[in-house]
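Quick notes on the structure that follows.
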Amino acid sequence: MKLLKTALSALCALCLLLSMPPAASAELEEDERFTGKSWLEIVEEFNERLSVRPQNVAYGYYNTVTGEEHYYNGDTYMVSGSMYKVPLNMVVANELYNGDITWDTQFGGISYKKLQEGSIIHSDNDYAKILWLHVGNGVYRSYRRVIAPLMGEDADTVDPKFYENNFFTPRQMITCLKELYANSELYPGVIDCMKQAEPKNYFRKSESRFEIAHKYGFLEDNAGLHMNDCAIVWTDEPILIVCFTTAQFNAYDVLAQYCSLMCDYAQYTTAHREAAEGALDAALADLALPAFARQTEEALPEPEVTAEPTPEPEAEEPVNDADSPRRIAPLAFAGLALLGGLVFLLCAVGRRYSFRTKKRLLALLLSLPLALMAIAVAVVDRSPAVLTGTDGSASPKAPAISLFSHPDPQETIMAFFDALELQDYEKFYSLLDGYSSLGLEERPEDAAGRMVLGALKDSYSYRLEGESRVSGDTAEQDVYLRSLDLKAVEAALQESARAHLEQIASERSYQELCDENGYYLPSVVQEACDAAIGDLVGRMPEFYADHELTLQLIYSGGWFVRGDDALISAIQGTAA
């Protein structure tokens with residue numbers, strides 16, 4: 001049999017299986033705005049299409065599910081307008097969460113409930129000033145120090161420009177939205193108010209497909225118009241987006257179309273990523289239970305017959321085995337015993353037939369052992385080979401008492417496992433009843449197969465527990481066997497290969513990853529597989545498993561180890 005070879009071939013087919021398409025292009029609608037392009041390329045084409053000057057805008061994007069994050073002029077400080085009211089209200093709302101204030105607590109004679117709604121929903125600057133005076137104890141710079149951590153900054157080391165005016169960067173605003181989205185319960189009311197703000201303008205001007213919580217900013221000064229927005233958008237995988245514009249003549253269109261573009265991008269990437277993961281999961285599922293590893297769900301293949309099979313008795317009626325070889329010897333002994341009895345009888349009446357005394361004594365001595373044999377045969381072997389149980393089913397009788405003793409089977413057991421450890425498969429298979437090959441002697445063609453099979457061979461060690469229990473021509477022996485857990489190795493290889501493939505995909509363009517049909521390039525797949533193999537080299541002892549077995553042995557001119565399911569799966573490294 002070549003079960004193990006089949007298994008390792010399936011295991012290492014990872015290289016081929018991972019070359020399934022990263023996206024099922026035949027089933028997904030492609031979009032020329034996104035297909036084969038990086039986020040930066042998409043944004044640059046957007047700027048060109050809307051005649052946006054690069055220095056007039058700054059963008060941010062973050063996928064809350066995958067962690068995909070991108071920026072354009074991401075660390076450039078720009079006038080934020082009323083977007084500052086988001087971190088400002090987060091500070092005060094957190095006081096509410098902590099019980100320091102209530103909704104009815106008044107600042108400047110106005111309840112916080114009204115101040116929050118007025119500053120966010122209606123963008124009231126006077127209400128917002130009341131709040132920042134509270135937060136900063138009347139000092140603007142102090143208020144900015146308080147909100148700095150929400151923007152991902154250390155108040156003592158942040159760029160001095162942070163304190164110059166109402167400036168933020170796209171990265172700071174995305175950081176603020178991350179905190180608000182991830183821990184919204186700490187900032188009661190803030191997201192709800194953002195959902196009510198300007199339902200048909202700014203980011204929400206032309207985007208009605210998804211729920212949006214946003215805070216816009218609008219300011220006109222000597223530098224021109226500053227129009228901005230930041231938002232949480234509940235696409236299939238919620239995203240955080242921000243857009244700053246300064247002196248951009250079509251700022252309103254830029255804001256509205258940027259929001260729709262990012263929503264489309266999020267939906268596109270989500271669909272393609274899910275298709276890619278589905279294809280990858282399907283491929284890895286095929287690896288999860290290769291042929292030799294299905295012993296927990298399917299029966300082992302029938303063992304190969306290496307000795308003359310013993311017929312199974314019919315359940316309906318006892319087997320007539322009077323003519324079987326095992327019954328011939330008792331019948332012969334019975335015949336000899338009968339002969340001995342006749343001789344004894346003649347000796348007893350020999351005086352009548354003039355037997356001489358010496359002859360009678362010799363015949364008597366000969367008849368005694370034959371008579372004893374007759375008694376033994378009558379006592380020991382008087383029952384049929386198969387008894388019928390109370391339910392009518394056939395059940396084997398206890399092994400007959402052997403007239404000859406067998407050698408201790410432990411010597412065979414140790415020779416069996418020693419041969420396994422020493423990779424002496426000729427001797428190993430010669431002592432195994434039921435199998436002529438387990439695939440251990442094969443040499444896989446691929447590196448992963450050679451590594452795993454070599455590690456399996458190196459993992460074997462055993463210990464006999466207690467004495468053998470011999471009963472006629474059968475015996476049992478408790479053994480502890482250590483071997484490699486191939487299923488654990490397989491899972492680790494899959495996990496590592498997936499991680500490496502995803503890492504490679506995140507660092508390279510579409511053209512570097514895929515061919516014209518959308519399939520991963522073989523070189524990319526091989527790179528991920530090689531890296532996965534490298535991860536596991538030297539770690540194989542982590543996947544060793546100990547098995548407590550009860551070996552079954554049979555005697556037929558010598559002891560042979562029976563290849564039952566538990567033993568075979570432990571040797572092959574596939575035990576549950």
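Counting from 1, the numbers follow the sequence of the chain as shown.
- With 3.5 Å as the limit, one finds no donor-acceptor pair spanning the side chains of Gln552 and Asp564.
- In summary, the side chains of Thr35 and Tyr268 do present a donor paired with an acceptor at a separation below 3.5 Å, with no hydrogens or angles considered.
- Considering Leu484, Asp418, Leu422, Leu440 as possible partners of Tyr460, the one that fulfils the side chain to side chain contact (heavy atoms under 4.5 Å, CB included) test is Leu440.
- Side-chain N or O atoms of Asp485 include none that pairs as donor or acceptor with a backbone N or O of Ala545 at under 3.5 Å.
- A donor-acceptor pair is defined here as one N or O able to donate and one able to accept, closer than 3.5 Å; no such pair exists between the side chain of Lys457 and the backbone of Glu421.
- We find the CG-CH2 distance between Asp473 and Trp559 to be 6.5 Å, quoted to the nearest 0.5 Å.
- Put simply, the side chain of Leu464 does not reach to within 4.5 Å of the side chain of Asp478, judged on heavy atoms.
- Counting only N and O atoms by type, the side chains of Asp236 and Thr270 include no donor and acceptor under 3.5 Å apart.
- Put simply, the side chain of Glu476 does not reach to within 4.5 Å of the side chain of Ser468, judged on heavy atoms.
- Phe416 and Phe428 have their aromatic ring centers within a separation under 6.0 angstrom.
- In this structure, Arg469 does not pair ionically with Glu467, as no charged nitrogen and carboxylate oxygen lie closer than 4.0 Å.
- Remark: side-chain polar atoms of Ser483 are paired, donor with acceptor, to backbone N or O of Ala570 under 3.5 angstrom.
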Run the numbers on Arg482 and Arg463 for side chain to side chain contact (heavy atoms under 4.5 Å, CB included), then give the verdict.
CA-CA 9 Å; Arg482 173 169 292 179; Arg463 184 181 80 251; over 6 Å; no
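- Annotation: side chain of Val233 is not in contact with side chain of Pro238 (no heavy-atom distance under 4.5 Å).
- With salt bridges taken as basic N to acidic carboxylate O contacts below 4.0 Å, none links Glu495 and Arg498.
- Annotation: side chain of Gln572 is not in contact with side chain of Leu486 (no heavy-atom distance under 4.5 Å).
- A side-chain donor-acceptor contact under 3.5 Å links Tyr265 and Glu68.
- Between the Gln477 side chain and the Gly466 main chain, a donor and an acceptor come within less than 3.5 Å of each other.
- Between Tyr72 and Trp39, the closest side-chain pair of non-hydrogen atoms falls below 4.5 Å.
- No donor-acceptor contact under 3.5 angstrom links the side chains of Tyr181 and Glu179, judged on distance only.
- Remark: the backbone N or O of Glu41 is paired with a side-chain donor or acceptor of Ser38 at under 3.5 angstrom.
- The side-chain heavy atoms of Leu553 and Val470, taken from C-beta on, include no pair separated by under 4.5 Å.
- Using modelled atom types and a 3.5 Å distance limit, the side chains of Glu441 and Ser437 yield a donor-acceptor pair.
- You'll find the side chain of Val561 reaches within 4.5 Å of the side chain of Leu567, heavy atoms only.
- Under a 3.5 Å cut-off, the side chain of Thr474 and the backbone N or O of Ser471 do form a donor-acceptor pair.
- For the pair Ile241/Ile174, no side-chain contact is recorded, criterion being any heavy-atom separation below 4.5 Å from C-beta on.
- By the 6.0 Å contact criterion, CD on Glu426 is open, its count of non-hydrogen atoms from other residues, nucleotides or ligands being 12 or less.
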Trace of the salt bridge (Lys or Arg N to Asp or Glu O under 4.0 Å) decision for Lys178 with Glu69
CA-CA 11 Å; Lys178 285 181 185 178; Glu69 188 168 8; 3.1 Å; yes
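- Note that the CG atom of Leu180 and the CD1 atom of Ile232 stand 4.5 Å from one another [nearest 0.5 Å].
- Remark: Tyr544 engages no residue in a ring-ring contact (aromatic ring centres under 6.0 Å, His included) (not counting sequence neighbours).
- Residues His500 and Asp535 have side chains that bring a donor and an acceptor to within less than 3.5 angstrom of each other.
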